[in-house]
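Note that the structure is a prediction, hence the values are computed from the model and not measured.
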Amino acid sequence: MLPLWLLILTSLAPYGIETDDLQGRLEVLVTLLLSTIAFLYIVQESIPKMSHLTVIDKVVIASLVSLVAAVLFSVIISFSPIPETLN
């Protein structure tokens, strides 16, 4: 779980990038999203299959949702008329 949480915490880094640099923000976030998906793909082989959602499954879903939300927020911030106040 620690590597997953480190990837998610790293998703806060793009908010340090200038608000008018949407490409830079998206590069970082999409790289983190792909890294998280690759990490989960590798780890899912060692987790037993269950018919219901476990706590780990819920954490994984929340992690992916938070990364997708960070991408959406970055796009919204960059298209805002005053992006400095939203950042």
Side-chain angles (χ1 to χ4, degrees):
M1 293 302 292
L2 181 64
L4 179 62
W5 285 111
L6 289 175
L7 284 169
I8 300 307
L9 286 176
T10 309
S11 69
L12 297 174
Y15 294 106
I17 300 174
E18 292 295 323
T19 54
D20 58 347
D21 187 14
L22 178 62
Q23 181 180 355
R25 284 181 171 212
L26 290 181
E27 284 176 359
V28 172
L29 287 170
V30 169
T31 301
L32 287 170
L33 186 61
L34 291 175
S35 299
T36 303
I37 291 171
F39 176 74
L40 296 175
Y41 181 73
I42 292 169
V43 171
Q44 85 178 18
E45 294 175 1
S46 63
I47 298 175
K49 305 289 186 229
M50 305 284 288
S51 62
H52 60 280
L53 289 177
T54 62
V55 173
I56 292 177
D57 294 330
K58 292 177 184 178
V59 168
V60 166
I61 291 170
S63 301
L64 290 173
V65 167
S66 71
L67 282 170
V68 171
V71 171
L72 292 175
F73 288 144
S74 292
V75 171
I76 290 169
I77 288 170
S78 70
F79 286 121
S80 168
I82 45 174
E84 293 81 19
T85 59
L86 293 176
N87 196 22

Those residues that, when tested against Val60, pass side chain to side chain contact (heavy atoms under 4.5 Å, CB included) (two or more places apart): Leu4, Leu40, Ile56, Leu64
Straight-line distance of Leu12 CG to Leu29 CG, nearest 0.5 Å: 9.5 Å
From Ile8 CD1 over to Ser66 OG, what is the distance, rounded to the nearest 0.5 angstrom? 4.0 Å
Same apolar cluster (I L V M F W Y, side chains within < 4.5 Å links), [X]/[Y]:
{"X": "Ile77", "Y": "Val30", "answer": "no"}
{"X": "Leu9", "Y": "Tyr15", "answer": "no"}
{"X": "Leu7", "Y": "Ile37", "answer": "yes"}
{"X": "Leu67", "Y": "Tyr41", "answer": "no"}
{"X": "Val68", "Y": "Val59", "answer": "yes"}

Heavy-atom neighbours of Phe73 CZ exceed 12 at 6.0 Å: no
On a heavy-atom basis, the closest approach of Leu22 and Ser74 is CD1-O, 3.7 Å
Please name the pair of heavy atoms, one in Arg25 and one in Glu18, separated by the smallest distance, quoted to 0.1 Å. NE-O, 3.7 Å
Derivation of the side-chain contact (heavy atoms from CB on, under 4.5 Å) call for Leu26 and Val75: CA-CA 8 Å; Leu26 290 181; Val75 171; 4.2 Å; yes
Donor-acceptor contact below 3.5 Å, side chain Thr36 vs main chain Leu32: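 Confirmed, Thr36 side chain pairs with Leu32 backbone.
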Contacts of Glu27 that satisfy side-chain hydrogen bond (donor to acceptor under 3.5 Å, both in side chains) - sequence neighbours left out: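 Glu27 satisfies side-chain hydrogen bond (donor to acceptor under 3.5 Å, both in side chains) with Gln23 only.
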